[in-house]
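These notes are about the structure you will find just below.
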Amino acid sequence: MKIVQVVPWLGYGDAIGNDVLAIDLSIKEKKFETKIYAEGIDARIQKGLAENVKNLEVQTEDIVILHLSAWAKSNDLVANLNCKKVMIYHNITPPVYFEYYDKKNAQQCASGLEQLKELKNSFDMVLAVSEYNRQNLLEMGYKCEINILPIIIPFNDYDKNPSTKVLKKFEDNYTNILFLGRIVPNKKHEDVIAAFDFYQKNYNPKSRLFLVGNPNGCENYAEQLKIYAKELGTKNVFFTGHTAFNEILAYYKLADLFLCQSEHEGFCVPLIEAMYFNLPILAYSSSAIPDTLNGSGFITKEKNPALTGALINKILTDEALKKTIIENQQERLLDFECKKIQSLFWKYMEKLIN
Amino acid sequence: MKEINYEEIIRNITAEIEAKKAKEAKVAFDDIKLNKAQYNNYTVKYDSIDFGKGIKKIVNKIMNKLIKRTTFSLTQDQNDINHNLVNKIEELSSKVQYLENKVKILEEEKVNS
């Protein structure tokens, strides 16, 4: 019996890619025969670790784990296999967010959601990375067993050396606000900018905003964001573009607060990263964000730049509040320890193995 | 977890904002209009999709020169080399993209005038 994983695109350093690699390692530790299959493989992935999904061959007793986050040919391919099938659902962004900026992507998201609905009777078990994702599937009519399995995050990587170039560039007495995530419309960078603008103009002119993330595919959205910041007259808004891992670490080290105004997240790994770096989190309550924070951080239910901007100041100047937020986050972070998630994974897998 | 009285904090902050007569943003994000060149993504994607038609040749030339000119330490592993290349290509291609957009804007202005 073997346990294999299928992922449409095996990326290097992204949340799904890391999850796939961590599960691969865990399967190998349990001495099961395993392999990763993908339609596309990032050139930076170690050679031999994954192969083309066309080469996938299974026996009826095998278990195939499909990572689903978009429309893909391999989703149908796995659904039609004659073996035990598990889907790890990472969520698909509602197409409405892309309709103006990236019609092709909007179409892909719409097709992905259609495909997801069609596959509702194809799996023996689904592992949703958050309760929000589980609810999405239930609404689509999924009747199989759905369990929650958070993304496995390789915390050891965060102890690597941060970029000294970035650290040196910004090491001063400015207050740094950080948001990290691809520059895509569902993440609502404009609301981050608006809240930061209020904070900077009313409380702290010596402040800067780091928007760390790649705008690939949504350069027009990034362009609009830059014009917006300019027209608001907001100073020190930095769009980093494609960022190397050691640079990401440096931005986390430099930051004083993590500000998230995203309106759609299937899990939101940067929230966990912010917890790891002891950054107080101020986030808007949407999609999977309340699940991931689970009572930690500071959540707002209202999109109001003035309120959010003033809350940035409150959290950064009220030491007792900041301390409580960070302590609560540290407690929540324990739930995401690799070993805990891995043992949860095997608890679910054993149901299929037996 | 220690309890935080969110409601009280938000109530106090709201009162503080009103008392402060704080400066609020007067520009709405949705009111910002992109011109044609800004709206059309002249994207250059190393990993996956397509290069914009007009800049494909330029980018390929740059890539070829870059690969010839770039030297790496033998101690660096393949991942680092690839990553450096991606960074450099993206850096260069964003410059090409900027120039391409500039040309488009100038062309539009010329037509309009």
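L34(B) contributes atom CG, which lies 12.0 Å from atom OH of Y221(A) (distance to the nearest 0.5 angstrom). The CD1 atom of I10(B) sits 4.5 Å away from atom CZ of F298(A), with the distance rounded to the nearest 0.5 Å.
Your options are L307(A), I325(A), D197(A), N294(A), and the one with the most heavy-atom pairs under 4.5 Å with chain B is L307(A). Taking Q330(A), E331(A), Q224(A), R332(A) one by one and counting their heavy-atom pairs under 4.5 Å with chain B, the maximum is reached by Q224(A). Annotation: maximal heavy-atom pairing with chain A below 4.5 Å, among I17(B), I32(B), D31(B), occurs at I32(B).
The shortest heavy-atom contact between K314(A) and I13(B) is CB-CD1, 3.6 Å. Looking at every heavy atom in both residues, Y6(B) comes nearest to I299(A) through CE2-N, 4.0 Å.
Panel note: side chain N328(A), backbone M1(B); no donor-acceptor pair is recorded below 3.5 Å.
Heavy-atom distances place both the backbone and the side chain of E231(A) under 4.5 Å from chain B. With a 4.5 Å cut-off on non-hydrogen atoms, T234(A) does not touch chain B at all. Both the backbone and the side chain of A310(A) come within contact range of chain B, judged by heavy atoms closer than 4.5 Å. In this structure, no portion of I193(A) lies under 4.5 Å from any heavy atom of chain B. Looking at K230(A), neither its backbone nor its side chain comes within 4.5 Å of chain B, counting heavy atoms on both sides. Within the 4.5 angstrom heavy-atom criterion, only side-chain atoms of K20(B), from C-beta onward, approach chain A.
By the 4.5 Å heavy-atom criterion applied to side chains, L311(A) and I9(B) are counted as neighbours. Using a 4.5 Å cut-off on side-chain heavy atoms (C-beta onward), H189(A) and F29(B) make no contact.
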